[in-house]
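Note sheet for the following structure.
The basis for the numbers below is simple: all heavy atoms, side chains too, and nothing from hydrogens, waters or symmetry mates. Letters A, B, ... are given to chains in the order of the sequence lines, protein chains preceding strands, and every chain is numbered from 1.
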Number of protein chains: 2
Amino acid sequence: MKPIYLDNSATTQVVPEVLEAMKPYFTEKYGNPSSTHFMGMEAQKTLDDCKETIANSIGAEREEIIFTSGGTESNNIAILGCANALKKKGKHVITTKIEHQSVLEPFRALERNGFRVTYLPVGKEGFVSTNSLEKAITRETVFASIQNANHEIGTIQDMAEIGRICSGKGVILHVDGCQGFTKIPIDVSRMGIDMLTLNSHKIHGPKGIGALYARSGTRLEKIYGGGEQGNDIRPGTENVPGAAGFSRAAELASRNPGRDVRRMQTLRDRLAKGLLKIRDSMLNGPKDRRLCSNVNITFRGAEAEAALVALSSKGICASSGSACTSRSVQPSNVLTAIGLSQKEAFSTLRFTLSRLNTAEEVDYAIEAASDIVSGLRKLAAR
Amino acid sequence: MKPIYLDNSATTQVVPEVLEAMKPYFTEKYGNPSSTHFMGMEAQKTLDDCKETIANSIGAEREEIIFTSGGTESNNIAILGCANALKKKGKHVITTKIEHQSVLEPFRALERNGFRVTYLPVGKEGFVSTNSLEKAITRETVFASIQNANHEIGTIQDMAEIGRICSGKGVILHVDGCQGFTKIPIDVSRMGIDMLTLNSHKIHGPKGIGALYARSGTRLEKIYGGGEQGNDIRPGTENVPGAAGFSRAAELASRNPGRDVRRMQTLRDRLAKGLLKIRDSMLNGPKDRRLCSNVNITFRGAEAEAALVALSSKGICASSGSACTSRSVQPSNVLTAIGLSQKEAFSTLRFTLSRLNTAEEVDYAIEAASDIVSGLRKLAAR
C-alpha cells in the first residue's frame with residue numbers, strides 16, 4: 001500500500017523530474033568543479049547555473065548563493081559565521097523562542113562564548129511582536145535570526161516589517177527559510193534580508209544539500225576550513241548532482257506556486273476541519289498567515305507517541321513535532337512558547353502536506369485519527 | 001568522444017550499480033531517519049546497514065561510524081572536535097607538512113586558538129620519519145593527524161608503526177584516509193587508529209557524503225549544532241540516498257580489491273614508464289609503497305597549466321595537484337615539502353587512475369603528453 005505521507009515538514013519525496021535532472025551528474029558529467037580541464041569546467045558551469053536558478057527564486061544574485069550540506073549547516077554558517085565576524089562591533093544577538101534547534105544550538109554556543117542573546121517571546125499564535133524586536137535592539141546588537149515560517153505550527157512572520165526594523169537599525173538579519181521556501185513569497189532585496197537559509201529536501205529535492213544566501217559584502221567567518229570552494233566560506237568538493245536536483249526542485253515549485261499553495265491550503269483546511277470535529281481538540285498556531293502545508297492539533301488526553309504508532313500501523317506518516325527533536329523527551333520549545341502545558345504538548349500531532357497529497361488521503365487520515373484518539377482516550381480512562 | 005579521465009584523485013565517476021542502489025531512497029523510501037513512523041524506521045534501518053558495511057570494511061563497529069558531507073567535514077570534526085575536547089589535557093598537536101588543505105586549515109585554526117602545532121617534515125619520497133614523530137611527542141601532546149596515503153604523490157605511510165607510537169604514548173591518532181580507502185588495507189583496531197576520515201566520491205560513490213570513524217569513547221566536541229543526529233556529533237537530516245550509494249561503492253570496491261589494485265598498479269607503471277621516456281622528466285614520490293592509482297611527474301621547462309589545457313583539448317583530464325587548491329597561485333605544499341623548487345612544482349602533472357581506466361587510455365595519454373611537452377618546450381625556447 002502506498003504510504004499516506006503527511007510528514008512533509010520532516011522531509012519530502014524526490015519527484016521523478018528531480019531524479020532525472022541529477023542522473024547525468026552522477027555517471028557522465030562527474031567532474032570536480034575545481035578541476036581545470038573540460039570536465040571540471042562543465043561541472044563549474046552546472047553549479048553556476050544552479051546558483052542562478054536559486055538566486056532568481058529569491059530576488060538575489062548568483063554570486064550570493066553558497067551551497068551547503070543542508071539547512072542545519074546553512075543556519076550555523078550564518079549565525080556563528082556572522083556573529084564571530086562582527087564580535088568586535090558588538091556582542092548582542094537576537095533570535096526567537098520558537099526557532100528550529102539548528103538555530104537555537106548555535107545561539108547557545110554564542111552564549112557560551114560571551115555573547116548576550118535575547119530570545120524574543122511570541123504570542124499565542126506564534127507571532128513575534130515587532131514592537132518587542134524593536135525594543136530589544138541596542139547599540140551592541142549586531143545580528144538577528146528570525147524564521148519566516150514555523151516548522152511546528154506554521155506561523156508566518158511579517159518579514160517585510162522585521163526586515164525594515166533590522167535594516168533601519170543596522171542589524172544584520174538572517175532568516176531560516178527552510179519551511180517557507182516555495183510556499184510563501186520571498187524577496188531578499190525587498191524584505192531587507194541579509195542572509196537566508198534554504199533547503200532542498202523539504203521541497204521534493206534530494207537530502208544532503210542546502211544553500212545559504214548571503215548578501216554581497218556580508219562579513220562571515222568560516223566555521224570550518226579546507227579548500228576555497230563556496231565563496232571561500234564553505235569548503236569541500238561541491239555536490240554537483242545534489243545542486244542539480246535542488247535547483248530543479250526549486251524550478252518545479254515555482255512553475256505555478258499560486259496553484260500549488262491554494263491546493264495545499266484547501267487540503268489543510270479540510271484536514272484541520274475534520275480533525276477539529278474530534279472532541280477536546282485544539283488547533284495550535286494561527287488561522288490566517290499560516291503555512292499552506294501545516295496542521296497542528298492537540299488532542300487532550302491522547303498520548304501523541306502512541307497515536308503516531310497507531311497511525312503508522314494504518315499506513316499514515318505524521319509527527320509529534322520536529323523530526324530533528326523526535327528523540328528528545330523534552331516538550332517542544334515551540335508549543336511551550338505559545339503557552340501549552342507539558343501535558344498538552346505531549347498530546348499534540350503535526351500533519352504536514354505537500355503538493356502531492358490528495359483529498360482522499362486527507363479523509364482517510366481524519367477517519368483514522370478519530371478512531372485512534374477515541375481508542376486512546378478509552379484506554380486512558382480505564 | 002569519451003573523456004580520458006585520469007583525474008580520479010579529484011573525483012570519480014559514479015558507477016551504474018551505485019546509482020541503482022541510491023534510486024529507491026530518492027523516490028520511494030524517502031523517510032527522515034529521525035521520524036518515528038514506519039518510513040522513518042525504514043530510513044534508520046538503511047542508515048544502520050550502510051554504517052555496518054562501511055564499518056566492516058575498516059575493522060570497526062557500526063556505532064563508530066558517523067556520516068558527514070564529505071572528507072573535508074570529517075577532517076574538521078576529527079581535528080577541531082578532538083583538540084577542543086582535550087585542550088585541558090594539553091595543547092600540543094601534531095600533523096605533517098604534506099596533508100590536504102582540509103587537514104592543514106583546521107590545524108591553522110587551532111594555532112590561532114593557542115595550540116602549538118608541530119608540522120612533521122617528510123623525506124624526498126614523502127615518508128614521515130617515525131623517529132621524528134616519536135621525538136615530537138611531549139607530555140602536552142594530545143592529538144596527531146597523519147594521512148595514510150598522499151593525494152599528490154601517492155606516498156603510503158607506515159600506519160601500523162605510526163599507530164603503535166601514538167597509542168604507546170597516549171596520543172589520539174586521526175588518519176585522513178580519503179585517498180587510500182579501498183586501495184590500501186586498513187584495519188583501525190590492528191593499526192591503533194582512533195579516528196579515520198572516509199570519502200565516497202573518490203571511490204565511485206556520490207559527492208556530498210563521507211564518513212568519520214571515531215573509536216567508541218573518543219571525546220569529540222561538535223563543530224556546529226542542531227538536532228541529535230550523527231551520534232550527537234554531526235547534526236542535520238541524514239543523507240540516506242548518499243549513504244546507500246557510498247556503502248554500495250565501498251562494497252563494490254571490496255569485491256576483489258587485490259585484482260583491482262594489481263590492475264591499477266600495472267597501468268600506473270605503464271603510464272609512469274611511458275611518461276618518463278620524455279626527456280628531463282622526473283617521478284615524484286616513491287617507487288614502492290605508492291598508491292596504485294598515482295603518477296606524479298615533473299617535466300622541466302614545460303608549464304603545467306598550459307600542458308593541462310592542451311591535454312584537455314585532446315580529451316584528457318589530468319591535474320597539476322589537488323583540485324581543492326587548483327585556484328591557488330602558491331606552489332603545492334606537498335611538492336615543496338619533498339624538495340622541489342617553485343619552478344619544478346609549476347612544471348608538475350598528476351595523473352590518477354581508477355579501476356575503470358584501460359591500457360589504451362594510458363597509451364593515448366602518454367603520446368599526447370609527449371607531443372604537448374615537446375611543443376611547450378619549443379615555445380619556451382624561442
Side-chain angles (χ1 to χ4, degrees), chain A residues 3 5 7 10-14 16 19 23 26-27 30-32 34-40 69-73 75-76 80 101-102 105-106 108-109 201 206-209 223-229 235-242 305 308 311-312 317-319 323-328, chain B residues 3 5 7 10-14 16 19 23 26-27 30-32 34-40 69-73 75-76 80 101-102 105-106 108-109 201 206-209 223-229 235-242 305 308 311-312 317-319 323-328:
Chain A
Y5 190 75
D7 197 12
T11 193
T12 58
Q13 181 175 27
V14 170
L19 179 55
K23 277 185 190 168
F26 288 120
T27 51
Y30 54 85
N32 183 324
S34 297
S35 296
T36 45
H37 47 68
F38 65 99
M39 288 190 69
S69 64
T72 290
E73 190 181 3
N75 282 340
N76 275 271
L80 300 175
Q101 291 306 316
S102 60
E105 282 295 323
R108 286 180 198 124
H201 76 99
K207 294 174 178 65
I209 187 150
I223 62 172
Y224 62 89
E228 295 176 4
Q229 298 98 337
T237 299
E238 294 96 338
N239 180 354
V240 183
E305 290 307 314
L308 286 177
L311 285 166
S312 180
C317 298
S319 143
C324 301
T325 51
S326 67
R327 288 161 192 157
S328 170
Chain B
Y5 191 75
D7 197 12
T11 193
T12 58
Q13 181 175 26
V14 170
L19 180 54
K23 276 186 191 168
F26 287 121
T27 51
Y30 54 85
N32 183 324
S34 298
S35 295
T36 44
H37 48 67
F38 64 98
M39 289 189 70
S69 64
T72 290
E73 190 181 3
N75 283 340
N76 275 269
L80 299 176
Q101 291 306 313
S102 59
E105 282 295 323
R108 286 181 198 122
H201 77 100
K207 295 176 176 65
I209 187 149
I223 61 172
Y224 62 90
E228 294 175 5
Q229 298 98 337
T237 299
E238 293 96 338
N239 180 354
V240 183
E305 290 306 314
L308 286 178
L311 284 165
S312 181
C317 298
S319 143
C324 300
T325 51
S326 66
R327 289 161 191 157
S328 170

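Here the shortest heavy-atom pairing between A/Gly226 and B/Thr72 reads CA-CG2, 4.5 Å. Across all non-hydrogen atoms, the minimal contact from B/Gln101 to A/Gly227 is CB-N, 4.3 Å.
Listed by chain and number, the residues in a ring-ring contact (aromatic ring centres under 6.0 Å, His included) with B/Phe26 amount to none (sequence neighbours excluded). Residues passing the side chain to side chain donor-acceptor pair (under 3.5 Å) test with A/Gln13, sequence neighbours excluded: none.
Put simply, the side chain of A/Asn32 gets close to the backbone of B/Ala10: a donor and an acceptor are under 3.5 Å apart. No donor-acceptor pair closer than 3.5 Å links the side chain of B/Thr27 to the backbone N or O of A/Pro16. Within the 3.5 Å criterion, the main-chain N or O of B/Tyr30 finds a donor-acceptor partner in the side chain of A/Lys207.
Here the CD atom belonging to A/Glu228 is positioned 8.5 Å from the CD atom belonging to B/Glu105, to the nearest 0.5 angstrom. Atom OG in B/Ser35 sits 5.5 Å away from atom OH in A/Tyr5 (nearest 0.5 Å). The OG1 atom of A/Thr36 sits 10.0 Å away from atom CG of B/Leu311, with the distance rounded to the nearest 0.5 Å. Interatomic distance, B/Glu238 CD to A/Thr11 OG1, rounded to the nearest 0.5 Å: 10.5 Å. Within the model, atoms OG of B/Ser319 and NE2 of A/His37 stand 7.0 Å from one another, a figure rounded to the nearest 0.5 Å. Atom-to-atom distance recorded for A/Phe38:CZ and B/Leu308:CG is 12.0 Å, nearest 0.5 angstrom.
For chain A, the nearby parts of B/Asn239 are the backbone and the side chain; heavy atoms of each come within less than 4.5 Å.
Among A/Gly71, A/Ala318, A/Ala109, A/Gly70, the residue making the largest number of heavy-atom pairs under 4.5 Å with chain B is A/Ala318.
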